[in-house]
Number of protein chains: 2
Amino acid sequence: MSALDLRTVIEGVGARLLALLQAADDRSEPVVRQASPDTLALAFQAAGAGLPIDRDQAPTGTPALLAAVDEVLRWSVRTLHPRFFNQNFAGADPVAVLGDWVGAALNTTQATFEAAPVFTLMEREVIAGLAARAGFATHEGLFLPGGSMANLHALQLARWRAQPDSLRTGKVPGRLVAFTSAEAHYSLGKAMALLGLGSDNLVAVPTGPDGGMDVVALDKAIRQARRRQERPFFINATAGTTVRAAFDPLRDLADVADFHDLWLHVDGAFGASALFSGRERHRMRGVARAHSLAWNLHKMVGATQQCAAFLVREPGLLGRVFGGGADYLFQPDKPHAGLDSGDLTYHCARRVDALKAWLLWKARGDAGLGARVERAVDLAEHAEGRILADDRFALAAARGFTNVLFWWVPPDLRPLDLEAPGVAPRLHRITTALKDRMQRDGQTMLSYMPLGERPNALRLLCLNPATTPADVDHVLALIDGYGQALPRPV
Amino acid sequence: MSALDLRTVIEGVGARLLALLQAADDRSEPVVRQASPDTLALAFQAAGAGLPIDRDQAPTGTPALLAAVDEVLRWSVRTLHPRFFNQNFAGADPVAVLGDWVGAALNTTQATFEAAPVFTLMEREVIAGLAARAGFATHEGLFLPGGSMANLHALQLARWRAQPDSLRTGKVPGRLVAFTSAEAHYSLGKAMALLGLGSDNLVAVPTGPDGGMDVVALDKAIRQARRRQERPFFINATAGTTVRAAFDPLRDLADVADFHDLWLHVDGAFGASALFSGRERHRMRGVARAHSLAWNLHKMVGATQQCAAFLVREPGLLGRVFGGGADYLFQPDKPHAGLDSGDLTYHCARRVDALKAWLLWKARGDAGLGARVERAVDLAEHAEGRILADDRFALAAARGFTNVLFWWVPPDLRPLDLEAPGVAPRLHRITTALKDRMQRDGQTMLSYMPLGERPNALRLLCLNPATTPADVDHVLALIDGYGQALPRPV
């Protein structure tokens, strides 16, 4: 080992991070310092620890290592900042951050009770708690590295149900077809490709005006597939779509799934957290009838990346479908081996994501997590009100939940008439140019989103509980400023 | 939010963790305090934060939350302890732990340059550095949540190569067959099932006395498959098997792969880190000819869970096979969008595992990482010498690298004659009983491993650089003590 002064490094990084967490809501810092790859390369070079790994990389001394950490902190996006709106997560709860720290320091794998006694029990309790909130009468489940993995596991369970011996043979007579809404997450198509089912065999069902799946169209699509001798096997319902945060009508979808005897998976990666709120949980009505549910605590309720729960209603399926039977790992004669989770998933070692989920839930309670969700909806309502009342902006899509989609409208197009010739392409260009200015300025970050045939729109969703209505007003004013500063004509 | 005193929680947990890292090599603490689920439930209850999530979970106050963290620390396995030998990782480098902490505090996703400018560049540099060590003339790659995911990605790339339109259609005419050694990781079979290729279509090729794949047997198996009109498409070579840390002969396998035009993947999750050591890297000779490589930095060189690199020799394949084309996420008109990694994998959001890899490599240099590998081999050699010189123990398999497999031999069986009637089953029972005593005592942790038709054996591998030869001697003495204390006859 090198002569690194570990004590100084540990204390130095620890102090920097504690200061970062304590000052999370400091609005005087920018959200991001815009930098090109070249700028970043120079900054690390100047710190004494260049970004490239050298041919025979020499050990870096203590001061340079700490300086490099300073550069990391300086140039990284501050997702803790109350004016960071760029992703469908923001403002991680410091309790969850600490949970991650404890997990990293203890550095074990979630796979067995032997290696992770406390975390094994915590995972079971958190999963049971989530299952209870979803109203599952029975359940099993675990944390996976991301909602995409949860969707993948759900599809594999459904294929197994349709053709149990396919795990061994790789053969499924006929053509399995899955259904999801046209606004669903792109992981569904990728999962079909990865599973060898083929992305062409995912049917994109049209959505209604609120962004939810059109159930009549779904039923029709299933019947058509049957007439073509295809084998429908899986419906993905989305609870909280990426762009509009729309909810599919879960009860209606459950009826369709029951009627046609299909697996119903709910991709609630974003929206399932509505279940924490008495006021908002009606959006999830029907989820108790789903066969499986993806639910990311790292999106709406402030856990850190990653904290993605996967729940299955019928116990025993996960082991049957994902059990690899590795006898060197899962030995039935070890104490409490029945609690081992490693054989319930494709993964082998897993991080102990359950720990931060448990700490977060214990610290905040259902009320605290629910308040986070409600606050996001309240702020969206506030933003929507401002936008509707101000012809410098225009709402780009109906809002149902937390996501506000809008355009900044240049003076000569006010009030906006989207149908007028040339207007849509101009708005599209303006949104892109405006995002670019915003990014350079670094006072706030919003992303822009495609909206089918409509121009790209800015997406505001306020998931940081430190964000206030005044922040929203301030950001709209900033955006108006960026718009006014655009060169004419865009 | 609850009235949690965040400042106290942050400072309290921070202080506990800094103390834990500073005292990582404290041998006066046990490796584990053995506890049943009931004991753990009572301990958390007594701390004021019971393990179950209550029906309407109330927020937990500051003192109870800190007390719960104390219980987590008290009852978790100390994988930092110099006498923890239970897994194929141990003694995480504090620099990597700090890297995880920084990543958690900044809480972003690795998917885009916009959201992770610094980490995007770091990931590219670390991947480039690993590719250089492997001798790849060209490369692309990224970090994935675990070696199993890397193996899965490799198989999918190989299927695409065999049948490009299968991503869309889900159809592959004929029967694709993959080959791996009988001692390979169980994720290969699971991956075949998950990909819809069928676990039956994975051929387990016999291994030689050193645990490496028998190349003649491989070639024969491929020819036989061809004669059966099957379609061989993939060879998995293992560099560092789970039980014996055996290396398949990569050059020979590359010859076979070339001759039959198959994808050659090297599962170097454990063993690829030999490349850091001038003395040990000969084991990886031939890896430069592989099409892809899995390489976990969280096993031999002290990164925390998870830090699993996946390298592909031919640039451009990952995007073609895994690109989902989500237009809301990967927008080509954003600055530096060409650096976005999100479309190179099945995953969407990824943790910034590259950060800790970068910090670790910069801090320790190639020499530091290589020294870690060499030390593990040296300690294995030391342990092997002790075992060979002492008839209280017997070597259970030839040692090639870091893993020492051995039995404790009861007095009446010394010197051990494994072929004598009744001996093998007795050794099997003794190993299990001994492991149980060891676990209760908590002074050390080793796992036991299956060895085909031989009795289960204890596996010692010394991956913590704080472990000394004296620790190895001490642990052997402990094991002899556990053995002597077993009730007779076992």
Side-chain angles (χ1 to χ4, degrees), chain A residues 1-2 4 10 13-14 17-18 20-21 49 51-53 56-60 65 72 75-76 79 92 97-98 100-101 104-108 118 121 125 129 145 148 167-170 186 190 193-200 304-305 324 326-328 346 348 351 362-363 365-366 368 449-450, chain B residues 1-2 10 13-14 17-18 20-21 49 51-53 56-60 65 72 75-76 79 92 97-98 100-101 104-108 118 121 125 129 145-146 148 167-170 186 190 193-200 304-305 324 326-328 346 348 351 362-363 365-366 368 449-450:
Chain A
M1 288 289 148
S2 69
L4 199 69
I10 292 171
V13 175
L17 294 181
L18 293 177
L20 178 72
L21 290 194
L51 280 175
I53 302 291
D56 180 6
Q57 175 68 49
T60 303
L65 202 67
V72 170
W75 297 106
S76 289
T79 68
V97 175
L98 294 172
D100 248 350
W101 291 7
L106 292 172
N107 190 42
T108 193
V118 175
L121 299 184
E125 296 296 353
S148 294
L167 297 180
R168 286 194 302 98
T169 66
Y186 74 115
K190 291 177 75 159
L194 186 59
L195 291 164
L197 291 163
S199 53
D200 282 355
T304 48
Q305 298 280 353
D327 49 7
Y328 52 77
Y346 173 70
C348 181
R351 290 170 45 86
K362 282 284 168 181
D366 281 78
M449 293 279 145
Chain B
M1 289 288 149
S2 69
I10 292 171
V13 176
L17 294 181
L18 294 177
L20 178 72
L21 290 194
L51 280 174
I53 303 289
D56 181 5
Q57 177 66 50
T60 302
L65 202 66
V72 169
W75 297 106
S76 288
T79 68
V97 175
L98 294 172
D100 247 350
W101 290 8
L106 291 172
N107 191 42
T108 191
V118 175
L121 300 183
E125 296 296 352
S148 295
L167 297 180
R168 286 193 304 95
T169 66
Y186 74 115
K190 290 177 75 159
L194 186 58
L195 291 164
L197 291 163
S199 53
D200 282 354
T304 48
Q305 299 279 354
D327 49 6
Y328 52 78
Y346 173 70
C348 183
R351 289 171 46 87
K362 282 284 169 183
D366 281 78
M449 293 279 145

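Numbered from 1 within each chain, the chains take letters A, B, ... in sequence-line order.
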(request) Answer with side chain, backbone, both or neither: which region of A/L121 has an atom nearer than 4.5 Å to a non-hydrogen atom of chain B? (result) side chain

(request) Identify which part of B/L20 has an atom lying under 4.5 Å from any heavy atom of chain A, answering side chain, backbone, both or neither. (result) side chain

(request) Answer yes or no: is there a donor N or O on one side and an acceptor on the other, between the side chain of A/K362 and the main chain of B/A58, under 3.5 Å? (result) no

(message) Return the CG to CG distance between A/D56 and B/D366, rounded to the nearest 0.5 Å.
(response) 5.0 Å

(request) Return the option, out of B/G146, B/G14, B/G170, with the maximum number of heavy-atom pairs under 4.5 Å with chain A. (result) B/G170

(request) To the nearest 0.5 angstrom, please state how far the CZ atom of A/R351 sits from the CG atom of A/N107. (result) 9.0 Å

(request) Among the options B/E125, B/R168, B/Q305, pick out the one with the most heavy-atom pairs lying under 4.5 Å from chain A. (result) B/R168

(message) Heavy-atom cut-off 4.5 Å, strictly under: side chain, backbone, both or neither for A/A105 against chain B?
(response) both

(request) Heavy-atom distances under 4.5 Å only: say whether A/L17 touches chain B with side chain, backbone, both or neither. (result) side chain

(request) Look at B/L18, B/V97, B/L106, B/V13 and state which one has the largest set of heavy-atom pairs under 4.5 Å with chain A. (result) B/L106

(message) Taking every non-hydrogen pair under 4.5 Å, which of A/I10, A/T169, A/D100 racks up the most with chain B?
(response) A/I10

(request) Can you see which heavy atom on B/Y346 is nearest to which on A/S148, and at what distance? (result) OH-O, 2.6 Å

(request) Working to the nearest 0.5 Å, report the span between CG of B/L197 and CG of A/L195. (result) 10.5 Å

(request) Among A/S76, A/A92, A/A49, A/G129, single out the residue with the greatest number of heavy-atom pairs under 4.5 Å to chain B. (result) A/S76

(request) Name the option with the most non-hydrogen atom pairs under 4.5 Å to chain B; the candidates are A/L194, A/L98, A/T304. (result) A/L194

(message) At a 4.5 Å cut-off on heavy atoms, which part of B/V72 comes close to chain A: side chain, backbone, both, or neither?
(response) both

